[in-house]
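Report on the structure given below.
For this chain, numbers begin at 1 and follow the sequence in order.
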Amino acid sequence: MKQVSRSTRDIILSHTLTYFNMLNFALAGLVILSGQYKNMLFLGIVFSNSLIGIVQELKVKKLIDALSVLTADSARRIRDGKTEEVPMDELQVGDVIEVRPGDQIVADSTVLHSDELEVNESLLTGESDAVIKREGDSLFSGSFITAGTGTARIVHTGEDNYASQLVEKARTKKRASSEMQDAIAKIIRYVSYAIIPIGIALFLVQHFRVGENISDSLVNTVAGVLGMIPEGLVLLTSVSFILGVGRLAGKKALVQEMEAIEALARTNVLCLDKTGTITTGELSVQQLIPVGKISENESGKLIHDLISSFSDSNVTSDALRAHFTTGTGATATERIPFNSTRKFMGVTFNKKENYVLGAPDFLCRDKNISQTAGEYAKEGLRVLLFASCETLRKSADELGNTEPIALVLLSDCIKEDARGTFQYFAGQGVRVKIISGDNAATVSAVGRQAGVAGAEHYVNAPDLPDDWEQLKKIVKETTVFGRVSPEMKQKIIRAHQQNGDVVSMVGDGINDVLSLKDADCGIAMANGAPAAKQSAHIVLLDSDFSAMEDIVKEGRTIIANIERVSALYLTKTIYSILLCLLFTLLGKSYPFIPIQLSLIGGTAIGIPSFLLALEQHEEVTGTGFLRHVLKHSLPAAILLVITLIVLQFTGTAFHWSDDMLRTCNLLAGGIISIGVVVRVCLPMTRRRLAICLLISALFAGAILLFPSIFDVLPVTQFL
């Protein structure tokens, strides 16, 4: 698997050679030309920001690199008669590998032995139908085994191999959605366009119209441009995401795309399978009910013979093998393995006796059998039909007349912590949707036992309409979907997204790959198929669905805190842009100098934002990131601009000195900025009140103790 974390070199470069850092250094150069060196204080913030980002990401990198080994691609290599699990990068041309259902092919190979081997090559060709592979056929990396077993010899490795290319395509085809980062990127793009022309215009007005000397004109221009840069917001979001990745790693969740944290936090529809999430994944045979002419004892022996004809292992076959321990000794002359599309398996004994075992609604048209199976399914039991047929074919429609022999009843074990997990999601407004390959009635019963809200509303996928608008309406009203194919899972995910939902998908199988890739946040189990892990945005390393509660809480805390404090940064950006434009039009001297903006930024933005970002607060806004932030920042920015305009004209009318005007400007900027902090702290707590008092004291103390540094009047002038 491609390494999740970036290299140390990339981390250092990404936090130092940024657009805003280069712009800040250019502005510092202008301050140096002006000779007013104290106004270079903002460079200290730039260096601190870069250092914080580098240190935090390097810490997380160390943790993630250690965890990512647990999800690395591997293969079963056969050498000297022994089978061993080895990492993909240790494979060489000529090595022989063993393949089983659920495996993703990690290197281009040629089949040496095929035991009913079937391969899904949809990631390569777009065709979803399984392809039968025989001796001499090619296996392409990126495809995955759906049925049967076999061995193959590797013919390509390294750059000639499809695997790394496919993983990269899987990552770039559908990235985790991030409304917040998209909005911030849009703000930065527009500000970047505006900085240079506004800066030039402001300098020209300061020098030629206001009459400032070159030194003061440069300093005023730097102050105007400096305030427009929301660099602290960029740092806050990146560091918050990086720390979030680290905290989630501590909860055994490997985040493969940082944006997935936000997508998960905003999720309002969570799709999942029954097995491994609601149930333990283990099955046990409860009863064998004869429905034909063959006795229960004889039916059990034939089922034993059928299951023994296949070497592949899964929970259903393991449960059947454990229960049916004796057979007739019949030898299969033809075999058709089970896969998720076919929904049955079959054998031919002695070239004349054909038997199939699978889903009753796929194998039988008998209404009495279907009704009986449906009644058991409603009780939460998994029902298989054992039947004979005229001919053995890969399609149920081509089997001819099937003669029911017996119904096999199996039960799932519901996980102890499932009910509490689903109660949490219900309380958070997240609708849980169960998408399963089993009968919908069976899954509905299991869902009700586990406490899934709305589990009584179910439908089998073959009954879903082809009309897209009708499908969108049905998925909104339905909680349990049964008999779902991989392609239908994908359609259900997309239908929810077109309904305006943010959808997360939990999966672990090869049939989940398409839906994991299309979900806003795909979550895979570490013990799942390699293809599922590569397609997912987050991998649960303990393969424990109950961990989702802690992971969602962490994600929502991160995003809620960023949403709250983003208003502090954007307030400064908005009022700086407005001030540059208005003071250019009015021909007035810019009201701040860089060191004053550094004071406002440090006390009313930097300190409170990082303290508030540490809070445990899970209420993510549902109104949209930008709208929510502007609701707080825009009124404050407009109020400050109006206040400063009034102060300029008041100062002219009353003949205030420049020092007096600068003092009033700084007080207005600081008071209104602190007011924004107070507003985002509502409802007020003791901790938040302490933060507000701390920054107020720091702001007032800086002005009172160091008036000359900040170019304001000392307090003695007002006494």
Any salt bridge between [X] and [Y], counting N to O under 4.0 Å?
{"X": "Lys489", "Y": "Asp512", "answer": "yes"}
{"X": "Lys301", "Y": "Glu298", "answer": "no"}
{"X": "Asp542", "Y": "Lys252", "answer": "no"}

Output all residues satisfying salt bridge (charged side-chain N to carboxylate O under 4.0 Å, His left out) with Lys378, sequence neighbours left out; order by chain, then residue number. none

Applying side-chain contact (heavy atoms from CB on, under 4.5 Å), can you list everything that pairs with [X], at least two apart in sequence or on another chain?
{"X": "His304", "answer": "Ser308, Phe324"}
{"X": "Asp501", "answer": "Asn268, Val269, Arg431, His496, Asn499, Val503"}
{"X": "Glu477", "answer": "Lys473"}
{"X": "Asn354", "answer": "Thr348, Cys389, Leu392"}

Taking side-chain hydrogen bond (donor to acceptor under 3.5 Å, both in side chains) as the test, write out the residues that go with [X], two or more places apart.
{"X": "Asp137", "value": "none"}
{"X": "Thr316", "value": "Arg382"}
{"X": "Ser543", "value": "Asn527"}
{"X": "Arg335", "value": "Asp115"}

Ser309 side-chain N/O to Asp305 backbone N/O, donor-acceptor pair under 3.5 Å: yes

May I ask you to decide if Phe349's main-chain N or O and Thr333's side chain share a donor-acceptor pair within less than 3.5 Å? no

Tabulate below the donor-acceptor pairs under 3.5 Å that side-chain atoms of residues 414-421 make, not counting sequence neighbours, or state none.
unit_1 : atom_1 : unit_2 : atom_2 : d
Lys415 : NZ     : Gly276 : O      : 3.4
Asp417 : OD2    : Ser546 : OG     : 2.9
Arg419 : NH2    : Gln449 : O      : 2.5
Thr421 : OG1    : Asp417 : O      : 2.9

Could you grab the distance from atom CG of Asn439 to atom CZ of Arg483, nearest 0.5 Å is fine? 5.0 Å

Below 4.5 Å, heavy atoms only, C-beta onward: do Phe481 and Met488 meet side chain to side chain? no

Among pairs that include at least one residue of residues 378-397, which meet ring-ring contact (aromatic ring centres under 6.0 Å, His included), considering only residues two or more places apart or in two chains? Tyr355-Phe386

Considering only distance and modelled atom types, tabulate donor-acceptor pairs under 3.5 Å from the side chains of residues 398-413, sequence neighbours left out.
unit_1 : atom_1 : unit_2 : atom_2 : d
Asn401 : ND2    : Glu390 : OE2    : 3.1
Thr402 : OG1    : Leu363 : O      : 2.8
Ser411 : OG     : Ser284 : OG     : 3.4
Ser411 : OG     : Gln286 : NE2    : 2.9
Asp412 : OD1    : Lys274 : NZ     : 3.3
Asp412 : OD2    : Lys274 : NZ     : 3.1

